[in-house]
There are 2 protein chains.
Amino acid sequence: MTTAGSAREPKYQRIAGALRRDIAEGRYAPGERLPGENDLMAEHAVARMTARQALAVLQAEGLAEARKGAGVFVREFEPIRRRGIQRLSPEQWGSGRSVWDADIAERDLAVEVIAVSEVSGDEVPSAVVNILGTAEVWLRRRRFVLDGKPVMLSVSYFPAALVAGTPITETDTGPGGAYARLAERGHAPEHFREEIRSRMPTADEALRLKLAAGTPVMLIWRTAFSAEGTAVEVNEMMLDAASYVLEYDFEG
Amino acid sequence: MTTAGSAREPKYQRIAGALRRDIAEGRYAPGERLPGENDLMAEHAVARMTARQALAVLQAEGLAEARKGAGVFVREFEPIRRRGIQRLSPEQWGSGRSVWDADIAERDLAVEVIAVSEVSGDEVPSAVVNILGTAEVWLRRRRFVLDGKPVMLSVSYFPAALVAGTPITETDTGPGGAYARLAERGHAPEHFREEIRSRMPTADEALRLKLAAGTPVMLIWRTAFSAEGTAVEVNEMMLDAASYVLEYDFEG
DNA sequence: AAGTGGTCTAGACCACGTT
DNA sequence: ACGTGGTCTAGACCACTTC
């Protein structure tokens with residue numbers, strides 16, 4: 001049940017369909033340049049706007065990517081495998097490694113700490129207040145950059161009462177990261193919940209993640225609970241969906 | 001005499017931004033109609049294509065939805081909460097309930113069995129062959145429809161050697177579903193792995209899920225392993241991302 | 001019947017990247 | 001310098017929904 005190509009398929013869909021088939025069948029390889037607006041106008045005898053519309057379809061599907069002044073190219077990607085469960089075991093952060101280390105072995109990674117600050121009241125999203133049970137929190141805002149491209153934005157919220165005076169309130173949280181510090185204070189995270197959504201980014205979000213058109217984001221909201229069942233961290237992550245595969249292993 | 005539009009931001013982005021703000025601040029409620037092309041042309045003194053482009057931005061972000069002949073409307077969502085782990089415990093399918101029952105309590109659900117067939121060789125995706133270790137498989141293709149809208153497409157693959165002669169090869173798998181039948185044969189699924197990706201759908205996929213523009217899909221590839229560690233099922237699911245929140249609970 | 005979005009044309013100027 | 005995609009205009013006809 002593909003195309004159906006029935007009587008009245010719009011021209012731009014027809015053109016887009018032909019290009020899509022060519023990409024799928026490898027006639028245009030990842031990274032290769034596709035026929036441009038002028039090529040399509042000549043080849044199919046259509047107006048510029050119609051050729052544009054055809055290329056826009058492929059970009060909206062995430063199959064192609066326009067580079068100003070250069071052309072439209074077939075997209076290529078190589079996703080990061082993020083293991084949702086093993087990566088959070090104490091063996092990971094207990095040994096002085098951050099959980100992120102578990103994800104990528106030998107690629108050029110930079111973790112930028114954008115902000116570490118104490119906030120309260122209206123400045124804290126009400127969903128976070130509800131989960132943590134307090135509006136007095138420390139916030140850590142970070143950006144993860146892989147091979148020069150931002151792949152994830154992250155905001156972690158910690159109850160101020162638990163982390164005041166620890167390195168969690170500083171740029172460098174020390175060996176093992178924030179979870180190791182929480183454990184030293186007797187609030188080791190033991191139970192986790194991750195909620196996953198996906199949607200298209202706003203213009204602003206697309207800018208901050210340098211997303212190509214047609215790329216969704218995945219939103220992960222993680223809550224970490226201590227042994228007593230109290231929430232000790234809420235972490236809102238926004239991932240470039242083209243850069244990630246999430247993996248969860250569990251017993252039935 | 002064009003333009004030059006005072007600032008660097010294109011007109012259509014300016015118009016889209018104003019509408020986006022209005023939506024965020026509740027001046028247009030979910031389901032409500034937005035100003036149409038003609039309204040925007042008059043209000044901002046622009047050409048039809050420019051007004052269209054502004055509305056296209058909001059649709060691409062998943063914020064708005066066009067209905068032919070009617071107008072452009074603010075989208076509304078009410079996601080299904082899919083619990084990735086508890087839903088697959090033996091208590092669920094062991095008691096004669098299908099795992100799906102765990103997701104939605106009181107909404108109008110229909111599970112359509114599209115196809116049940118034996119396939120082999122080239123007809124089986126090579127990724128599936130690699131995991132199951134055989135190219136002789138039974139396939140079950142289903143569609144899940146909630147409140148009249150398709151929300152998930154699913155294809156399950158089972159090794160033919162394990163399921164031949166069982167109700168898994170028929171339309172109705174019986175109480176507890178396929179997993180209960182596997183358990184009766186001594187191949188109870190015990191370990192699961194789910195891989196999650198997200199991307200924009202192709203035109204064909206959007207049609208089959210009746211997706212609004214600007215809606216990504218989430219792809220879940222689940223592999224079920226028996227106690228001996230052999231793969232007994234591979235399930236490829238494609239979900240309407242606007243209809244789902246995935247949830248995973250686990251210990252550190 | 002009126003209004004809506006969907007498609008399409010045939011021009012134009014611009015900012016940008018490659019050459 | 002040239003070709004590329006990005007933006008924009010001012011028209012047009014169509015299919016569809018709503019009244």
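Both backbone and side-chain heavy atoms feed into the values below; hydrogens, waters and symmetry mates do not. Every value quoted in this text rests on a predicted model; they were computed, and no experiment measured them. So that the names make sense, note that chain A is the first sequence line, chain B the second, and so on, each numbered from 1.
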Does the A/Arg27 side chain pair with the main chain of A/Arg21, one donor and one acceptor, at a distance under 3.5 Å? no
Figure out the [atom1]/[atom2] separation between [X] and [N], and round it to whole Å.
{"X": "B/Met41", "N": "D/dA12", "atom1": "CE", "atom2": "P", "result": "12 Å"}
{"X": "B/Gln53", "N": "C/dT7", "atom1": "CD", "atom2": "P", "result": "15 Å"}
{"X": "A/Leu40", "N": "C/dC8", "atom1": "CG", "atom2": "P", "result": "14 Å"}
{"X": "B/Met49", "N": "C/dG11", "atom1": "CE", "atom2": "P", "result": "17 Å"}
{"X": "A/Glu65", "N": "D/dT4", "atom1": "CD", "atom2": "C1'", "result": "15 Å"}
{"X": "B/Gln13", "N": "D/dG6", "atom1": "CD", "atom2": "P", "result": "12 Å"}
{"X": "B/Ile15", "N": "D/dT7", "atom1": "CD1", "atom2": "P", "result": "13 Å"}

Do the side chains of A/Arg193 and A/Glu195 get close enough for a salt bridge, i.e. N-O under 4.0 angstrom?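 Between A/Glu195 and A/Arg193 there is no salt bridge, as every charged N stays at least 4.0 Å from the carboxylate O atoms.
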Between [N] and [X], is there an OP1 or OP2 to side-chain N/O distance shorter than 4.0 Å?
{"X": "B/Arg33", "N": "C/dT4", "value": "yes"}
{"X": "B/Thr50", "N": "D/dT7", "value": "no"}
{"X": "B/Asn38", "N": "C/dT4", "value": "yes"}
{"X": "B/Lys11", "N": "D/dT9", "value": "yes"}
{"X": "B/Arg67", "N": "C/dT4", "value": "no"}
{"X": "A/Arg52", "N": "D/dG6", "value": "yes"}
{"X": "A/Tyr12", "N": "C/dT7", "value": "yes"}

Think B/Arg75 forms a cation-pi with B/Phe77, using NZ or CZ under 6.0 Å from the six-ring centre and within 45 degrees of its axis? yes
Has B/Arg67 got its NZ or CZ under 6.0 Å from the middle of the six-membered ring of B/Phe73, at an angle within 45 degrees of the ring axis?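 Pair B/Arg67/B/Phe73 counts as cation-pi.
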Counting side-chain heavy atoms from CB outward, which of [options] is closest to [X]?
{"X": "A/Arg48", "options": "C/dT18, C/dG6, D/dG5", "result": "D/dG5"}
{"X": "B/Lys68", "options": "C/dG6, D/dT18, C/dT18", "result": "C/dG6"}
{"X": "B/Glu37", "options": "C/dG6, D/dG5, D/dT9", "result": "C/dG6"}
{"X": "B/Ala66", "options": "D/dT18, D/dG6, C/dG5", "result": "C/dG5"}
{"X": "B/Pro10", "options": "D/dC16, C/dC16, D/dT7", "result": "D/dT7"}

For B/Glu233 and B/Ser156, run side-chain hydrogen bond (donor to acceptor under 3.5 Å, both in side chains): C-alpha distance rounded to whole Å, both residues' side-chain angles, the deciding distance at 0.1 Å, then the answer. CA-CA 7 Å; B/Glu233 184 213 22; B/Ser156 272; 2.8 Å; yes
Pick the nucleotide of DNA chain D nearest each of B/Ala51 and A/Asp39; which residue has the one closer to the 5' end? A/Asp39
Here the gap from B/Asn235 atom CG to B/Arg142 atom CZ, rounded to the nearest 0.5 Å, amounts to 6.5 Å
Mapping A/Ala70 and A/Val46 onto DNA chain C by nearest heavy atom, which one lands closer to the 5' end? A/Val46
